[in-house]
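Order of the sequence lines sets the chain letters (A, B, ...), proteins ahead of strands, with each chain counted from 1.
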Amino acid sequence: MKIATFNINGIKARAEALGNWLDEAQPDVALLQEIKSVDENFPAELFEDRGYNVVTHGQKSFNGVAILSKLPLEDVSRGLPGDDEDEQARWIEATVTGERHAVRLCGLYLPNGNPAPGPKYDYKLAWMERLEARARALLSEETPALMAGDYNVIPQPEDAARPDAWKNDALFLPQTRAAFRRIVNLGFTEAFRARHRGPGHYSFWDYQAGAWQKNNGIRIDHLLMTPACADLMTDCAIDREIRGRDKPSDHVPVWVELAA
DNA sequence: ATGACGCCTCTTAGGCGA
């Protein structure tokens, strides 16, 4: 079961590029972020025609998450628990069942948090506390579960081409990294680092200032697996090359293969 | 660096992102 996370930066602008990538990469599941669309305007038929089931949790203009899955999506849940006042669409869950295992899938778009300090950074840290609570609950199930998406967190200096440039940024501040590390340390396996060491692995390159051409990237799209899920992982990689195509998102897909 | 780039919309300007 191949499961990918991909911040597409707008479904309207990315429909064609996303379709091309799906046709080539053939993921069983794609967790999408920043659809920037209300549910009614999401072009589900483009993906249903390719054999995907589609669930969305959208909002107008900003944010929005979706799941595309060739397997049926069961027990769909929208919104991260813990704040009934939060109207930003950043979390969606569903269960898929493989030949041997059911896997709980959580797609997330963690708040950017800039500028920091400030109310946006406070919202990011509060959201991460709610994420930690949901993560604890998933672990207590002792079943395969995956929390994947755009975390807007650079975990370590080696995850940025120019870490000094991010020193005061909400993606890299010590408090941000500590909150991420606290969640991982509950018992999750960060899929990419379980298989690849060293610098130079990125999932985002800014549109500006030739960041892609200079390979000035950061690694902020992550897949966190419960122990029962990590036991099933057979591969993990970043589909780096699609950043160089026409009309790319500023993020690229990251995927895991699970023997589920 | 008040920059760039590209997405979005109550669109041709301004908000937002990372």
- request: Step through it carefully: locate the ring centre of A:F192, locate the ring centre of A:H201, and say whether they are under 6.0 Å apart.
  value: yes
message: Can you identify which nucleotide, out of B:dC10, B:dC7, B:dC16, has its nearest atom closest to the A:K60 side chain?
response: B:dC10
message: Expressed as a whole number of angstroms, how long is the span from A:N114:CG to B:dG15:C1'?
response: 15 Å
message: Heavy-atom nearest nucleotide on DNA chain B for A:G210 versus A:D169: which residue maps closer to 5'?
response: A:G210
message: If you only use heavy atoms from C-beta on, which nucleotide in B:dC8, B:dA18, B:dC5 is closest to the side chain of A:Q208?
response: B:dC5
message: What's the closest nucleotide to the side chain of A:L171 if the choices are B:dA18, B:dC5, B:dC8?
response: B:dA18
- prompt: What integer distance in Å separates A:I11:CD1 from B:dT9:P?
  reply: 13 Å
- prompt: Which value, in whole Å, describes the distance between the C1' atoms of nucleotides B:dT12 and B:dG6?
  reply: 16 Å
- prompt: Can you tell me how far P in B:dC8 sits from the matching atom in B:dT2, rounded to whole Å?
  reply: 27 Å
message: Between the base of B:dA18 and the side chain of A:N112, is one N or O donor paired with an acceptor at under 3.5 angstrom?
response: yes
task: Assign each of A:N152 and A:K36 to its nearest nucleotide of DNA chain B by heavy atoms, then name whichever residue's nucleotide is nearer the 5' end.
output: A:K36
query: Rounded to the Å, how far apart are A:K124 NZ and B:dC16 P?
result: 16 Å
- request: Please state whether the rings of A:F180 and A:H222 are parallel, tilted or perpendicular, taking 30° and 60° as the class boundaries.
  value: tilted
message: Rounded to whole Å, please give me the gap between CD1 in A:I8 and P in B:dG17.
response: 17 Å
field: Proximal nucleotide (of B:dC8, B:dC5, B:dA18) relative to the A:S61 side chain
entry: B:dC8
task: With P as the reference atom in both, quote the distance from B:dC5 to B:dC10 in angstrom, rounded to an integer.
output: 26 Å
- line: Out of B:dC16, B:dC8, B:dA18, minimum distance to the side chain of A:F62 belongs to B:dC16
message: Taking only the P atom of each, what is the distance from B:dA1 to B:dG14 in whole angstrom?
response: 24 Å
task: Would you kindly check if the NZ (Lys) or CZ (Arg) of A:R90 is within the cone defined by 45 degrees around the ring axis of A:Y109 and under 6.0 Å from the six-membered ring centre?
output: yes
task: Find the distance A:W205:CH2 to B:dC7:C1' and express it as a whole number of Å.
output: 19 Å
Short side-chain N/O contact from A:Y109 to OP1 or OP2 of B:dA18, under 4.0 Å: yes
- prompt: Should A:R195 and A:E257 count as an ion pair when the cut-off is N to O under 4.0 Å?
  reply: no
- prompt: Is A:R134 salt-bridged to A:E93, cutoff N-O under 4.0 Å?
  reply: yes
- request: Among B:dC8, B:dC5, B:dA18, find the nucleotide with the atom closest to the side chain of A:A13.
  value: B:dC8
message: Please classify the nucleic acid contact of A:N63 as base, sugar-phosphate, or nothing, using heavy-atom distances under 4.0 Å.
response: nothing
message: How many whole angstroms separate atom CG of A:L110 from atom P of B:dA18?
response: 10 Å
Rounded distance in Å - CD (A:Q88) to P (B:dG17): 8 Å
- prompt: Heavy atoms under 4.0 Å, any strand shown: does A:F172 hit a base, just sugar-phosphate, or nothing?
  reply: nothing
- prompt: From B:dA4, B:dT9, B:dG17, pick the nucleotide closest to the side chain of A:A209?
  reply: B:dA4
field: Separation between the P atoms of B:dA13 and B:dA4, rounded to whole Å
entry: 15 Å
message: Between P on B:dG17 and CG on A:N9, what's the gap in Å once rounded to a whole number?
response: 11 Å
message: Looking at A:K2 and A:D235, is any side-chain nitrogen of the basic one under 4.0 Å from a carboxylate oxygen of the acidic one?
response: no
